[in-house]
Amino acid sequence: MTQGAGGGAGSSYPYLVLTNSGSRTCTLRGYPGVSLRHGDMQIGAAAERDRTVDASTITLQPGQSAHSALRIVNAGNFDSSACTPTAADTMLIYPPDQKESISIDATGITGCANSDTQILYVQVFQQGEE
């Protein structure tokens, strides 16, 4: 996860970056699955798809990267009874069309345990690290 577009209006905007670490060309298309966790429990709802960017197939040569913009709404923006703020320790990322996740540190992110309060939004993967 990289800095992305910074923050504003009670949200942060990091980028999820996948890099082809193999020795052959690969392709990627679509949205990642994203969720917050604390221990073995998912916190709230998984990321909702932000459909402002159309999906296209991305070809990655070895060493090349693709990024997906993520929006994380600050849990403090919501009434605590509507959110049930819960500290996350891990973010799970599922690359498009994959069943195995990539786990990254999410220390410092607070999720909403109430799955009716959406705080994660994700865009399709696009070429480059941004």
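What's counted below: heavy atoms across the whole structure, side chains too, no hydrogens, waters or symmetry copies.
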If you take all heavy atoms of [X] and [Y], which pair is closest and at what distance?
| X | Y | value |
| --- | --- | --- |
| Q118 | E48 | NE2-N, 3.3 Å |
| S115 | A45 | O-CB, 3.5 Å |
| Y15 | E129 | CD1-O, 4.1 Å |
| P32 | L16 | CG-CD1, 4.1 Å |
| V122 | A47 | CG1-CB, 3.9 Å |
| V124 | A55 | CG1-CB, 3.8 Å |

Using 0.5 Å steps for rounding, measure from the [atom1] atom of [X] to the [atom2] atom of [Y].
| X | Y | atom1 | atom2 | result |
| --- | --- | --- | --- | --- |
| Y13 | L70 | OH | CG | 10.5 Å |
| D116 | C83 | CG | SG | 11.5 Å |
| Y121 | D50 | OH | CG | 9.5 Å |
| I109 | L36 | CD1 | CG | 6.0 Å |
| S80 | N114 | OG | CG | 11.0 Å |
| Q64 | L28 | CD | CG | 12.0 Å |

Checklist entry - Within the distance-only criterion (no hydrogens, no angle test), does the side chain of H67 pair as donor or acceptor with the backbone N or O of V17 below 3.5 angstrom? => result no
Checklist entry - Under 3.5 Å, side chain of T110 to main-chain N/O of G108, donor-acceptor pair present? => result no
Checklist entry - Are T25 and T59 side-chain neighbours, meaning at least one heavy-atom pair lies under 4.5 Å? => result yes
Item to check | side chain to side chain donor-acceptor pair (under 3.5 Å) evaluation trace for S68 with Q123 | outcome: CA-CA 6 Å; S68 170; Q123 289 184 357; over 6 Å; no
Under 3.5 Å, which donor-acceptor pairs link side chains of residues 87-103 to any protein atom two or more places apart or in another chain?
from, atom 1, to, atom 2, distance (Å)
D89, OD1, G39, N, 3.3
D89, OD2, G39, N, 3.0

Checklist entry - Given the rule in the side-chain contact (heavy atoms from CB on, under 4.5 Å) test, do Q126 and V53 qualify, once you have shown the distances and angles that lead to the verdict? => result CA-CA 9 Å; Q126 299 173 60; V53 177; 3.9 Å; yes
